Amino acid sequence: MRRRQALLLGSVLAGLTACAALHALWTAPALPRDAETVPRPPRIRPDYASIIVPPNIAPLNFRVREPGRRFCVRIAGPVGKPVEVHSSAPELVIPPAGWRRLLAANRGRRLALHVHAQDASGRWRRFQPVHQTVAREPVDPVLVYRLIRPLYNAYTTVQVYQRDLTTYRESLVVDGRAFRNGCVNCHTFLNHRPDTMLVHVRGKAGNAMLLATDGRVSKVNTTTRYNRPPGAYSCWHPSGRFLTFSVNRLEQFFHAVGETRDVFDQASDLGCYAPAARAVTSCRHLTRPDRLETFPAWSPDGRTLYYSSAPKGTIDHYKTVRYDLLRIAYDPEAGTWGEPEVVLSAEETGVSLTEPRVSPDGRFLMFCAAPYGAFPVYQPGADLYVLDLRTGRHGKLPAPVNSDRCESWHCWSSNGRWFVFSSKRRDGIFARPHFSYFSPEGKVGKPFVLPQRDPGFYDALLKTYNVPELVTGPIPLRPADFTRAVLDSAGTVTAHAVSGATRRPAGGAVGASNAVSPRRPETIPAAR
Amino acid sequence: MRRKRLFFWSVVSGASLVLCFQLLVDPRLLHHAQRPVFRTGWGPMEAALARPGGASEYLADFLSQAYVWPWAGATVLAAACLAVCLAGGAVLARVRPGAAGLALLAAVPLASLHAGVDYPLAPTIALALGLGLAAGWAWLRLGGWWLRAGACVVLAVAAYHLAGGAMLVYGATCATYGLAARRRWSIAPLAAVACAVVPYAWSQLAGPAATDLAGQYFLPLPFRYAGASPVAAVALLGLFPLLTVLLAVRPWRWLPAAAARPRFVGGWLIDGLGALALAGACAGAAWVSFDADRARAVRIDNLAARGDWAGVLREADRLDLRHYGPCTACEVDRALFHTGRLSTRMFAYPHKLGMPGLTLYVGTRHVPADGWMCLKTSDLLFELGYVSEAEHMAYEALELLSEHPAVLERLFLVHAVKGETEAAETFLAALEAAPLHAPRAWAYRRMLRADPTLDGLAPVRQCRRRMPRQDGAIRPSVEQILVHLLNQDPTNRMAFEYLMAHHLLTRDLPKVASTVLRLRQFGETEVPRHWEEALMLYAYELRARNIRRPIPLPGLRLRPGAQQRLERFLQARARYGSDPNAALRGLRADYGESYYFYHTFGTTQGGAP
C-alpha cells in the first residue's frame with residue numbers, strides 16, 4: 001500500500017515538473033519585435049557604456065535608469081551565442097556562464113547591448129545599443145583592498161578583503177577586529193604574487209609589519225632606535241630580497257569648509273628591510289633631515305627607486321608643501337646607491353607628485369598629483385598622471401579616467417594592460433575601485449567600477465575601497481594565520497639597524513655601503 | 001489535563017510579564033537606551049548568520065524594533081522570556097513527565113534582568129535557542145551511544161552557530177540531563193569537550209576573533225551587560241541544571257510518605273494561588289531591579305531627541321546626581337537655551353569646572369570613546385552651524401555605532417547642508433534599509449527630488465546660514481569654533497549664548513566682559529543674571545587689584561541692585577574665613593544657583609555632573 005502511495009506521489013511530482021518545464025519553454029520571453037526606437041542609448045548605472053572590458057571579468061550587471069515595467073537586454077558580439085536577460089525590475093543580472101562564453105569568443109571584438117524597456121501601456125521601446133569592447137589581455141584575477149568606513153580618529157572595523165574578479169566571490173584576508181580593533185594598512189605584494197605580501201598593523205596589539213612568505217606569516221618589528229614610527233608605504237624590491245618602506249610622522253587636522261579631513265606629514269624617511277638578515281638599512285639620500293621622503297616604488301628591473309620628496313614645512317603652511325618626484329639608482333649586485341635626481345619637480349608642475357608606480361614593462365610611470373601635501377586621498381583635486389619614461393613626456397590622464405573628485409591609489413596589472421584605482425567620482429566620500437585599459441602606446445580606456453552581483457550594491461554601501469592591488473591569484477592564507485601572527489608576541493622578529501659602518505647583513509643584501517659616518521648607522525634619523 | 005494546566009500557567013506568566021514590562025519599564029525607553037539596529041536585505045542577514053551567535057542577534061534586533069510600540073514591545077519581551085521557560089520546560093518534562101511547569105520559575109529572573117533599561121533581548125533569544133536545542137537532543141529517540149553522542153556534537157555546532165556563548169547553556173543542560181536523568185556518564189564529558197572543541201575549531205577556521213566575540217556575548221552575565229542583576233543572572237543560569245538534578249534524583253522520595261505527598265484542597269485553587277504568586281514574584285523582581293534614575297536619564301535623552309525642552313528640564317529637576325553625566329548636562333544646557341534660560345538658570349543645574357558638559361566637544365584629537373556622545377556632539381555642532389566638526393563627530397559615531405539610523409540621518413543632513421547631494425543620497429539609501437526609518441527616508445528623497453538644495457528643510461536652511469564660509473583654525477577649540485561662527489553670522493544667537501556660557505564655565509571674566517557687548521546686536525539692553533554676576537565679579541577683581549579701569553558696557557544696563565547682591569555674597573563668603581569647605585556648605589542654600597558660587601568653588605550647588 002505504502003509503495004503504491006509513494007509511486008503515485010512520485011508520478012504526480014514528475015508530471016508537475018514536466019508541466020512547469022513545458023510552460024517555461026512555451027512562455028520564454030523573446031525580444032520584442034515591434035518596439036519603438038529611441039534615438040539614444042539608455043541611461044544605465046553603473047556606467048558600463050563604451051568601455052573596454054577584460055575577457056575574464058565577472059558579468060557587468062547594471063540597472064536601467066529608464067521608466068518601464070519590464071526590461072530586457074540582448075548582449076551580442078560578432079561571434080558566439082548572444083545572452084538575453086529579461087526582468088520585471090530595472091536591475092539586469094547577466095547569467096555568468098553565457099557571459100563568460102561570450103567574452104571568450106569575442107576577444108578583441110565589440111559587444112553590443114540592446115536594451116529594451118516596456119512602458120506602463122505595454123509598448124516596448126528599443127534604445128540605441130551600448131557598446132563594450134572585449135580586450136585581448138585579461139586582468140589579474142584577484143583584487144585585494146582595504147574596506148573601511150570613512151575614518152577620522154576612531155577605528156573599530158578595518159579589514160582587508162580579496163575579491164575574485166572573474167566571479168563576485170569576496171573573502172576576508174585580515175580582520176583588525178580580531179586583534180582588539182587594530183588597524184591594518186598598506187598591503188603590498190611582490191611582483192603581483194599573492195604568496196608574498198606584507199601588511200602593516202597598528203593598535204593595542206602593537207605596531208608591526210606582517211610578512212607573509214612561504215605559506216606562513218611572521219610579525220616583524222621594524223622599529224629601531226633610529227626609526228621609531230612603524231612602517232607605512234612599502235614596496236618590494238623585484239628580487240624579493242628586501243623591501244623599501246617609509247616611516248612617517250603623520251598628523252591629522254581638519255578644515256571648516258570643503259573636505260573636512262586632512263593630513264600633514266611632519267617627518268618621513270625611507271628605509272629597507274631585508275627579511276633574511278632581519279636588518280633595516282637606508283642611505284643618506286633617502287633620510288635627509290631637511291626633506292620628507294615617502295612613497296617608494298621600484299622599477300621592474302630593480303635598478304631604480306622612485307619616490308616622492310619635499311622640503312620640510314610646518315603645519316601652519318601646509319599648502320606650501322609640495323612633493324617632487326625623484327629617483328635614485330641602485331646596484332643590486334653591489335648593494336650600492338647612486339645619486340638622486342629629480343624626475344619631475346613640484347615647482348615645474350605646480351602640483352604635489354605622489355604615489356609613483358612603474359608599469360611592469362618599465363616604460364610608464366603613473367602617479368597622483370594633488371594641489372599640495374602627501375595625502376591626495378583627502379583632496380578632491382587629486383588626479384592621476386602618467387609619465388613616459390622613454391620620452392620624458394607626462395600629462396594628466398584624460399577625463400574619463402580623472403573626474404572632478406579624488407582619484408588615487410592606482411595599481412598596474414601584472415601584464416601592464418590594466419590599471420585599477422580608487423575614485424570618489426560618485427559622491428566625493430566613498431572611494432570605489434575602477435578599472436581602465438592601458439594600451440601599449442599609453443592610451444587609456446574609459447574606466448568602469450568593480451562589478452557586483454547586485455547592480456545597486458554601491459548605492460547604500462557606506463564603506464570605502466582603499467589601496468586596491470591586483471594579484472595573480474588568491475592569497476593562500478587564512479585570516480586566522482594573520483591574527484595568530486599579530487597575537488603571538490613571542491614570535492615577533494625584531495629588526496636591527498645596520499649600515500656599512502656597523503655590520504653588513506648576511507648576503508650583503510641591502511645598500512649599506514653608502515655610510516656617511518663610520519660611527520653613525522646609516523638608518524632613518526628624521527622620524528625619531 | 002497536564003497540558004491544560006501548563007497552558008494556563010504559561011498564559012498567566014506571559015500576561016504578568018507583559019504587564020510588568022509595559023507598566024513598569026516602558027519598552028520605548030528600552031528602544032531609546034539600546035537603540036537596536038535592524039537592516040533589511042540579504043547583506044546584513046548574511047553577515048549576521050556568518051558569525052557565531054549572529055542569528056540570535058539578528059533575530060533580537062528584528063524583534064526589538066517592536067519596542068517603539070509599547071504593548072507590542074512588552075509582548076515581544078514576554079514571548080522571549082516564555083520561550084526560555086518553555087524550552088527549559090521541555091528538558092524538565094523529559095526528565096520527569098509533568099514537570100514542565102517548573103520551568104516557568106525562570107520568568108522571575110528574566111523579569112528582573114529585562115527590567116534593566118540597558119539589558120538587550122539577544123541573550124534571552126540565545127538562551128532560548130540553547131535550551132531548545134538541548135531539549136531537542138533530550139527528546140531525540142536514537143538508539144546507541146554513538147548516535148546520541150554524534151547528535152550531541154552536531155547540535156553543539158548548531159548551538160554555537162545560532163546562540164554563540166549560550167552554547168555553554170546547551171552543553172551544561174545536556175551534561176546534566178545525561179548524567180542525572182539517564183545515568184550516561186560519558187555524555188557529560190562529551191558535552192564539555194564539545195563546548196571547548198567547537199569554538200576552537202571555529203576559531204581555527206575563522207580566526208580567534210570569532211571565539212572572543214561569541215564567548216563574550218549572549219550569556220546573561222552581569223559583567224557583560226551593565227545593570228544586570230548578578231543574583232538574577234546566577235539564578236537563571238543555575239535554575240535548569242538544578243531542577244534537572246532535583247527531578248532526576250528526587251530527594252523527596254526519602255521523606256516520610258505523608259510529607260512527600262501533600263494533599264491539596266483542589267487543583268484549580270492551587271493553580272490560581274500559584275499563578276498569582278508567580279505573577280507577584282515577577283512584578284516584585286522587576287520592580288526591585290528597575291533603576292528609576294537610569295530610566296529618567298534615558299527619558300531626558302529621549303525628550304531632547306524629540307525637542308521637548310521643557311520636558312527635559314522637568315525630568316532633570318528630579319534626576320539623581322549619580323546619573324547626571326556629561327550627556328545629560330549637555331542636553332539640559334541645550335534645553336535651557338531653547339527655553340531662553342541659559343543666561344539666567346544655567347547654574348541651577350549641575351556644572352563643574354573642566355567638565356565638557358556644555359558642548360561635549362573636547363577638540364579634534366580626542367574623541368569620546370562613546371559613539372552616542374559623538375553623535376550628541378555632532379547634533380549640537382550641527383545646530384550651532386559648525387557643519388565640518390558636526391560631520392567629523394558624526395563619522396566617528398558611524399565608526400563606533402555602525403550604521404545606526406540616527407547616525408545615517410545626521411550624515412544625510414550634513415552632506416545636504418554642504419551641497420553634496422550624491423553623498424547625501426548614499427546615506428539616504430542606507431537609511432531606507434532600516435524599516436522603521438524608511439518612511440522618513442522616502443520623505444527626504446521626495447524633498448530632495450523637488451529641491452536638491454533642501455532649503456525647505458528648516459534645520460538644513462538654518463545650518464547653511466550659520467556655517468562658516470572660510471577655513472578656520474586647523475585644530476579648533478570650543479572657543480575658536482564659537483567665535484568663528486559668530487564672526488560668520490553675528491545673528492547666531494545660539495553661538496553667542498554658548499560662547500558666553502563657555503566663558504562663564506572657564507571663569508574667563510575678561511572675555512565675558514568683551515563678549516557681552518555683542519548683546520546689543522540682538523536688540524537687548526538688560527544684561528541677564530549670570531552674565532551680570534560675572535561682570536560684577538570682574539569689576540570687583542579689578543578693584544581688588546587696584547586697577548581703576550571701568551568695564552565699558554555701552555548701550556547695556558545691569559539689573560537694579562546688582563552691586564548690593566554682590567556685596568551680600570562677599571559678606572556671606574567672608575563669614576567663613578579661609579575654610580572653603582565650610583563656605584561651600586554654608587553658602588549652598590542661598591547662593592548655590594548663582595554664578596558667584598560657581599566662580600568661587602568651581603562647582604554648582606548640585607555638585608559635579
Side-chain angles (χ1 to χ4, degrees), chain A residues 148-159 172-182 251-262 264 315-316 318-319 380 405 424-430 452-454 456-463 478-484 486-488, chain B residues 39 41-43 203-210 212-213 364-369 371 374 386-393 395-403 408 411 415 418 420-433 467-476 481 484 488:
Chain A
I148 48 174
R149 292 199 183 89
L151 297 180
Y152 282 67
N153 297 54
Y155 52 85
T156 59
T157 312
V158 182
Q159 295 158 315
L172 191 65
V173 177
V174 194
D175 187 354
R177 291 179 308 171
F179 36 93
R180 298 157 77 190
N181 295 341
E251 179 154 12
Q252 198 173 25
F253 65 102
F254 300 91
H255 298 290
V257 290
E259 165 64 72
T260 306
R261 292 167 293 176
D262 211 336
F264 181 74
I315 195 166
D316 296 327
Y318 65 91
K319 279 197 174 171
R405 287 173 174 147
K424 295 184 180 176
R425 67 188 57 205
R426 187 184 163 116
D427 51 28
I429 303 292
F430 301 101
Q452 302 287 351
R453 191 191 307 275
D454 174 11
F457 178 83
Y458 296 112
D459 291 352
L461 180 72
L462 303 183
K463 290 197 171 176
R478 294 171 307 163
D481 298 325
F482 289 93
T483 305
R484 255 191 297 277
V486 176
L487 299 178
D488 178 20
Chain B
R39 300 182 68 228
W42 286 108
S203 74
Q204 289 302 302
L205 291 169
D212 295 349
L213 295 174
T364 54
R365 287 189 187 186
H366 307 288
V367 174
C374 291
Y386 206 76
V387 72
S388 60
E389 273 307 296
E391 180 185 0
H392 173 190
M393 288 296 146
Y395 273 110
E396 301 289 10
L398 180 69
E399 183 62 14
L400 294 168
L401 303 174
S402 190
E403 296 173 16
L408 300 181
L411 282 163
H415 288 295
K418 291 176 80 175
E420 296 164 352
T421 313
E422 295 98 331
E425 277 184 313
T426 307
F427 286 99
L428 215 47
L431 190 62
E432 281 168 350
M467 67 189 265
R469 304 272 183 273
Q470 288 178 334
D471 213 351
I474 57 174
R475 283 187 292 269
I481 285 176
H484 193 168
Q488 165 67 36

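Below, read A as the first sequence line, B as the second, and so on, with proteins coming before strands; counting in each chain starts at 1. If you're wondering where the values come from, they're calculated on a predicted model, not measured in any experiment.
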Next on the checklist: At a 4.5 Å cut-off on heavy atoms, which part of A473(B) comes close to chain A: side chain, backbone, both, or neither?
Outcome noted: backbone
Checklist entry - For atom CZ of R453(A), is the number of surrounding heavy atoms from other residues, nucleotides or ligands below 6.0 Å larger than 12? => result no
Checklist outcome for this item: Scored by heavy-atom pairs under 4.5 Å with chain A, the best of A424(B), C374(B), A429(B) is A429(B)
Item to check | NZ/NE/NH1/NH2 to OD/OE distance under 4.0 Å, E420(B) and R405(A) | outcome: no
Next on the checklist: With rounding to the nearest 0.5 angstrom, report the CG to CD1 distance, D316(A) to I474(B).
Outcome noted: 5.5 Å
Checklist entry - Got Q488(B) and R469(B) here, is their nearest side-chain heavy-atom distance under 4.5 Å? => result yes
Next on the checklist: Does any backbone or side-chain atom of L408(B) lie under 4.5 Å from a heavy atom of chain A? Answer side chain, backbone, both or neither.
Outcome noted: side chain
Checklist entry - Side chain, backbone, both or neither: which part of E399(B) has an atom under 4.5 Å from a heavy atom of chain A? => result both
Item to check | Residue, of T157(A), D481(A), V257(A), that accumulates the most heavy atom pairs under 4.5 Å with chain B | outcome: V257(A)
Item to check | Which portion of S402(B) sits near chain A, non-hydrogen atoms under 4.5 angstrom | outcome: both
Next on the checklist: Is any side-chain heavy atom of T483(A) closer than 4.5 Å to one of D175(A)?
Outcome noted: no
Item to check | Contacting region of L151(A) [heavy-atom separation from chain B under 4.5 Å] | outcome: side chain
Next on the checklist: So for F264(A), is it side chain, backbone, both, or neither that comes closer than 4.5 Å to the heavy atoms of chain B?
Outcome noted: neither
Next on the checklist: Check the orientation of H392(B) and F254(A). Use parallel for under 30°, tilted for 30 to 60°, and perpendicular for over 60°.
Outcome noted: parallel
Checklist entry - Do side-chain atoms of Q452(A) reach the backbone of D454(A) as a donor and acceptor pair under 3.5 angstrom? => result no
Checklist entry - Which answer fits E432(B), side chain, backbone, both or neither, if we ask what part of it has an atom under 4.5 Å from a heavy atom of chain A? => result neither
Checklist entry - Which answer fits F482(A), side chain, backbone, both or neither, if we ask what part of it has an atom under 4.5 Å from a heavy atom of chain B? => result neither
Checklist entry - Pick from A256(A), A154(A), A460(A): which one has the most heavy-atom pairs with chain B under 4.5 Å? => result A256(A)
Item to check | Ring geometry between F427(B) and H415(B) (parallel below 30°, tilted from 30 to 60°, perpendicular above 60°) | outcome: parallel
